[in-house]
Engineer: 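First, the structure itself, so that you have it in front of you.
Here the structure is a predicted model, which means the values were calculated and not measured.
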Amino acid sequence: DVWPGDTDNDFEVDVFDLVPLAIAMGAQGQTRSNASLAWTGQSASNWGPTLPSGLDYKHADCDGDGLVDTLDALAIGLNYGQVHSKASNDNNYYDGVDASRNSGVDLYMDSSFSVISGQTMMIPLYLGKFDAQANNILSLALSIEYDAQLIEAGSIELITNGSWLGNQGEDLFVISKDASYIGQLDLGFARINGLGVDGSGPIGFLKFTPKNLEAEEAKLSLNITEALLVDDNAQKIPLNIGSSNITVSSVVGVNETIA
């Protein structure tokens, strides 16, 4: 069955469901009878083409109209966080983050400037470095954990102006989901023309407002806990993950370490 939004068939809807959607973008197949975006299993015939995991493209056709396009991403937003029960998740395309050093493309946050409590700040999120760029990038999904006690609830968001991955609404589709009650920001990027892109540098900026501090300063951790990067051949690309520990203070000053 197809569960609208669960494109990787791991039995829940999350930001990583954007990756199979990017891989299957533009594919066509049989329409689904009585299709809807309702969170229920819906019978569908196989299309034939599959993800590297062997999962049929029909799961990416969330609205059942026989075409994988950006309209199918609506189901991810609508059913975000929903789960359905199965015995295993053998078809899951995502199987963990590669966080080993010097094994792949760098993914990290930079904050080499002042972070002042009570003032809105923007922290760059980088993919690749000038001497080690990322090649043929099609899609990226990641989760960032942060200390919800140090950031104003509802203030954190993603700004994609200047992203080398593309222009949002033109050749790039972006998902940003903030769960401030647990301190987790989920981000997803998908090239919607099926063409990978090469580059390095900022792919976006984390905009947020640190809470006013009672103490003189506090440490704010921004940790990438999960990430998946794929190229335009649907192949996973290893990642080097950087975590930032930022000093938030009532005066100018910042320290950061990349773990």
Side-chain angles (χ1 to χ4, degrees), residues 7-8 15-26 51-52 60 68-70 73 76 93-94 96-113 121-144 156-177 185-208 222-244 246 256-259:
T7 67
D8 59 9
V15 72
F16 295 97
D17 288 300
L18 189 61
V19 175
L21 197 66
I23 293 171
M25 190 68 64
L51 298 174
V68 179
D69 57 15
T70 55
I76 298 177
Y93 184 65
Y94 170 72
V97 60
D98 185 343
S100 58
R101 301 299 298 171
N102 302 319
S103 64
V105 175
D106 291 284
L107 177 65
Y108 63 101
M109 287 158 285
D110 180 28
S111 59
S112 54
F113 46 83
M121 307 299 297
M122 292 208 301
I123 305 296
L125 174 64
Y126 287 90
L127 180 64
K129 292 185 175 180
F130 71 93
D131 58 348
Q133 73 172 13
N135 297 315
N136 306 314
I137 302 305
L138 182 68
S139 186
L140 169 68
L142 67 148
S143 293
I144 300 172
I156 192 166
E157 61 177 313
L158 176 69
I159 306 297
T160 60
N161 294 346
S163 173
W164 67 260
L165 288 177
N167 297 313
Q168 187 171 353
E170 296 180 12
D171 55 1
L172 184 69
F173 188 88
V174 177
I175 287 178
S176 176
K177 290 286 186 179
L185 178 67
D186 295 338
L187 304 175
F189 305 80
R191 298 271 302 168
I192 59 178
N193 57 9
L195 301 176
V197 64
D198 304 339
S200 64
I203 58 172
F205 297 84
L206 301 185
K207 181 181 178 181
F208 62 91
L222 298 171
N223 299 314
I224 300 173
T225 57
E226 295 180 310
L228 174 61
L229 181 68
V230 300
D231 64 19
D232 52 13
N233 287 316
Q235 299 301 305
K236 296 181 187 180
I237 300 174
L239 286 163
N240 303 324
I241 303 300
S243 297
S244 296
I246 303 166
E256 181 196 39
T257 61
I258 299 297

Engineer: Can you tell me how far apart CG (Leu138) and CG (Asp232) are? Round to the nearest 0.5 Å.
Structural biologist: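 If we round to the nearest 0.5 Å, Leu138:CG and Asp232:CG are 6.5 Å apart.
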Engineer: Could you report the tightest heavy-atom contact between Met109 and Ile224, atom names first, then the distance?
Structural biologist: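 Closest pair (atom of Met109, atom of Ile224, distance): CE-CG1, 3.8 Å.
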Engineer: Name each donor-acceptor pair under 3.5 Å that joins a side chain in residues 188-204 to protein atoms two or more places apart or in another chain, with its distance.
Structural biologist:
| from | atom 1 | to | atom 2 | distance (Å) |
| --- | --- | --- | --- | --- |
| Arg191 | NE | Leu195 | O | 2.9 |
| Arg191 | NH1 | Leu165 | O | 2.9 |
| Arg191 | NH1 | Asp171 | OD2 | 3.0 |
| Arg191 | NH2 | Leu195 | O | 3.4 |
| Asn193 | OD1 | Leu195 | N | 3.0 |
| Asp198 | OD1 | Asn136 | N | 2.6 |
| Ser200 | OG | Lys129 | O | 3.4 |

Engineer: What are the two closest non-hydrogen atoms of Ile23 and Leu51, and how far apart are they?
Structural biologist: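 It is CG2-CD2, 3.8 Å.
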Engineer: Using modelled atom types only, decide if a donor and an acceptor are shared between the side chain of Asn233 and the backbone of Gln235 within a distance under 3.5 Å.
Structural biologist: no
Engineer: Using every non-hydrogen atom in the two residues, find where Asp8 and Pro20 come nearest and quote the distance to one decimal.
Structural biologist: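 Smallest heavy-atom distance, with atoms named: CB-CG, 3.8 Å.
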Engineer: In chain order, what residues pass the ring-ring contact (aromatic ring centres under 6.0 Å, His included) check against Phe173, with sequence neighbours excluded?
Structural biologist: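 Partners of Phe173 by the ring-ring contact (aromatic ring centres under 6.0 Å, His included) criterion come out as none, since no residue qualifies.
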Engineer: Considering non-hydrogen atoms only, spot the tightest contact between Gly166 and Leu172 and give its length.
Structural biologist: O-CD2, 3.7 Å
Engineer: Check Ser143 against Phe16 and note the closest heavy-atom contact, atom names and distance.
Structural biologist: OG-CE1, 4.2 Å
Engineer: Kindly indicate, with the supporting measurements, whether the criterion side-chain contact (heavy atoms from CB on, under 4.5 Å) is fulfilled by Leu187 and Ile175.
Structural biologist: CA-CA 6 Å; Leu187 304 175; Ile175 287 178; over 6 Å; no
Engineer: Can you check whether Val230's main-chain N or O pairs, donor with acceptor, with Ser139's side chain at less than 3.5 Å?
Structural biologist: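 Here the side-chain-to-backbone pair does not exist.
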Engineer: How close do Ile123 and Ile246 get, heavy atom to heavy atom, and via which atoms?
Structural biologist: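 It is CD1-CD1, 4.4 Å.
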Engineer: Using side-chain heavy atoms (C-beta onward) and a distance below 4.5 Å, is Ile156 in contact with Ile144?
Structural biologist: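 Heavy-atom side-chain distance check fails, nothing below 4.5 Å.
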Engineer: Can you find a heavy atom in the side chain of Leu127 that is under 4.5 Å from one in the side chain of Leu239?
Structural biologist: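 Side chain of Leu127 against side chain of Leu239, heavy atoms only: contact under 4.5 Å found.
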Engineer: Could you work out, with side chain to side chain contact (heavy atoms under 4.5 Å, CB included) as the rule, every residue matching Ile159, not counting sequence neighbours?
Structural biologist: Met122, Glu157, Asn161, Phe205, Lys207
Engineer: Test Leu229 against every option in Leu142, Ile137, Val19 by the side chain to side chain contact (heavy atoms under 4.5 Å, CB included) rule and name the one that passes.
Structural biologist: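 Of Leu142, Ile137, Val19, side chain to side chain contact (heavy atoms under 4.5 Å, CB included) with Leu229 is met by Ile137 alone.
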Engineer: Taking side chain as C-beta onward, heavy atoms only, is Leu125 less than 4.5 Å from Leu107?
Structural biologist: yes
Engineer: Indicate yes or no: at least one non-hydrogen side-chain atom of Val15 is less than 4.5 angstrom from one of Glu226.
Structural biologist: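 Of all side-chain heavy-atom pairs linking Glu226 with Val15, none is under 4.5 Å.
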